[in-house]
Amino acid sequence: MLRYLWMLVIAITACGNTPDVNVPSPTPPTNPSPPANPAPPAPGSWWKPAANATWHIQYTGTLDKTRQVAVYNVDLFDTPASVVQELAARGVKAVCYLSAGSWENWRPDKNHFPPEVLGRNYDGWPGERWLDIRQIDKLAPIMRARLDLCKQKGFVGVDPDNVNGYQNNTGFPLTAQDQVRFNRWLAAEAHQRGLAIGLKNTTELLSQLINDFDFLVTEECFDQGWCNQTRPMVQAGKPVLNIEYTDTRIKSASQFCSNSTSLGIFSILKRRELDAWVEECR
């Protein structure tokens, strides 16, 4: 779960604990049919990251712009366009991070979400609630505006988080097929704008979504023992970025680098707050 440590303080101050009694009834929406997917652009009209791409990911603190990597993964809202342009001038690609499956009470567009799409509190992340991803018609204007902002700032790709709500206690009866429908819609919207798009963690649906996504971002697959699930992406010639965290049993990149190399994925060790500190596998 990619988040900001300092945002927790803001979130707790801003909203405290939202009681579950406000969670909407898990009745299927009256209009569950999503808007038609946009027509796909011509093949090859968006960036395709190389399978051996190297990455830096950072969401808090002063951005370390000196990393010798091919791709930077940084926050959509907090990263100025000037930084994206500075990276591009060095030949470095930038990917924007956003949450597609949860509402966050510190985002500038927080009031654009209608109450009926807000579900249960996201356990462990104050100020955050799950979204009813079945109601694409109501989420579409918000997500499209976010993707437009990503494109306008000069990013070449998007890393949408929390696209596995169906596996969580969201307050809505989400199914795997609801998730596939939403994720495919999101991918089509990104590609229409010429943006590459990554799949976050949702390897259980990889067989259905692998053709829709351009890269995979995983968290703690070595600590939790499921890195083998990334093989289809590697075999498809698409990159996998795996992040391990220092607050688990893994304390050094040396604990997973050999296995990471053998699997053909790029792994890094980070602190949970995703600041500038990193240990890389090279």
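Positions are given from 1 along the sequence.
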Which is it for Thr218 and Gln229 under the side-chain contact (heavy atoms from CB on, under 4.5 Å) test, yes or no, and what are the steps along the way?
-> CA-CA 10 Å; Thr218 60; Gln229 294 180 22; over 6 Å; no
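- Taking the six-membered ring where tryptophan is involved, the planes of Trp47 and Phe215 are tilted, since the angle between them lies from 30° to 60°.
- No more than 12 heavy atoms of other residues, nucleotides or ligands lie within 6.0 Å of CG in Asp123, so this atom counts as exposed by the packing criterion.
- Residues passing the side-chain contact (heavy atoms from CB on, under 4.5 Å) test with Ala53, sequence neighbours excluded: Trp55, Val71.
- Judged by distance alone, the side chains of Thr170 and Asn168 never bring a donor and an acceptor atom under 3.5 Å apart.
- Ring orientation note: the planes of Trp130 and Tyr122 are close to parallel, at an angle under 30° on the 30°/60° scale.
- Separation of atoms CD (Glu280) and NZ (Lys270) is listed at 9.0 Å; rounding is to 0.5 Å.
- For the disulfide bond (SG atoms under 2.5 Å apart) condition, the pairs that include at least one residue of residues 231-282, sequence neighbours left out, are Cys257-Cys281.
- Atom-to-atom distance recorded for Asn211:CG and Gln208:CD is 11.5 Å, nearest 0.5 angstrom.
- Partners of Arg249 by salt bridge (charged side-chain N to carboxylate O under 4.0 Å, His left out), not counting sequence neighbours, listed by chain and number: Asp223.
- Within the model, atoms CZ of Phe266 and CG of Asn52 stand 10.5 Å from one another, a figure rounded to the nearest 0.5 Å.
- Considering CZ of Arg144 and CH2 of Trp185, their distance stands at 5.0 Å, rounded to 0.5 Å.
- Residue pairs meeting the salt bridge (Lys or Arg N to Asp or Glu O under 4.0 Å) criterion with at least one member in residues 83-103, sequence neighbours excluded, are Lys65-Glu86.
- Summarising the geometry, atom CG belonging to Leu186 is positioned 10.0 Å from atom CG belonging to Leu139; distances are rounded to the nearest 0.5 Å.
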Yes or no on side-chain contact (heavy atoms from CB on, under 4.5 Å) for Phe222 and Gln255, after CA distance, side-chain angles and deciding distance?
-> CA-CA 9 Å; Phe222 284 111; Gln255 293 177 244; over 6 Å; no
I would like to know whether Asn164 and Lys200 meet side-chain contact (heavy atoms from CB on, under 4.5 Å); could you show each step before the answer?
-> CA-CA 8 Å; Asn164 60 343; Lys200 178 67 68 61; over 6 Å; no
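- Residues Gln167 and Glu204 meet the side-chain proximity criterion, which asks for heavy atoms closer than 4.5 Å.
- A distance of 5.5 Å separates CG of Leu274 from CD1 of Ile57, quoted to the nearest 0.5 Å.
- For residues 70-122, the disulfide bond (SG atoms under 2.5 Å apart) pairs, not counting sequence neighbours, are Cys96-Cys150.
- A side chain to side chain contact (heavy atoms under 4.5 Å, CB included) with Cys221 is found for exactly one of Leu263, Val240, Asn201, Asn242, namely Asn242.
- For Asp64 against Gln58, the heavy-atom pair with the smallest separation is N-OE1, 3.1 Å.
- Using a cutoff of 4.0 Å between basic side-chain nitrogens and carboxylate oxygens, Lys251 and Glu279 are not scored as salt-bridged.
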Could you walk me through whether Thr79 and Tyr72 pass the side-chain contact (heavy atoms from CB on, under 4.5 Å) test, one step at a time?
-> CA-CA 11 Å; Thr79 307; Tyr72 268 60; over 6 Å; no
May I have the step-by-step check of salt bridge (Lys or Arg N to Asp or Glu O under 4.0 Å) for Glu220 and Arg272, ending in yes or no?
-> CA-CA 11 Å; Glu220 303 178 79; Arg272 186 70 63 172; 3.2 Å; yes
Check the pair Asp161, Tyr97 against side chain to side chain donor-acceptor pair (under 3.5 Å), reporting the backbone distance first and the verdict last.
-> CA-CA 7 Å; Asp161 202 1; Tyr97 167 88; 2.8 Å; yes
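- Side-chain N or O atoms of Asn183 include one that pairs as donor or acceptor with a backbone N or O of Val163 at under 3.5 Å.
- Of the candidates Ile136, Leu131, Asp148, Met143 forms a side chain to side chain contact (heavy atoms under 4.5 Å, CB included) with just one, namely Leu131.
- One finds no salt bridge joining Lys48 and Asp214 here, because no Lys/Arg side-chain nitrogen approaches an Asp/Glu carboxylate oxygen to under 4.0 Å.
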Donor-acceptor contacts, no H, no angles, side chain residues 230-239, under 3.5 Å, sequence neighbours left out:
{"from": "Thr230", "atom 1": "OG1", "to": "Cys227", "atom 2": "O", "distance (Å)": "2.7"}
{"from": "Lys238", "atom 1": "NZ", "to": "Ile210", "atom 2": "O", "distance (Å)": "2.7"}
{"from": "Lys238", "atom 1": "NZ", "to": "Phe213", "atom 2": "O", "distance (Å)": "2.7"}

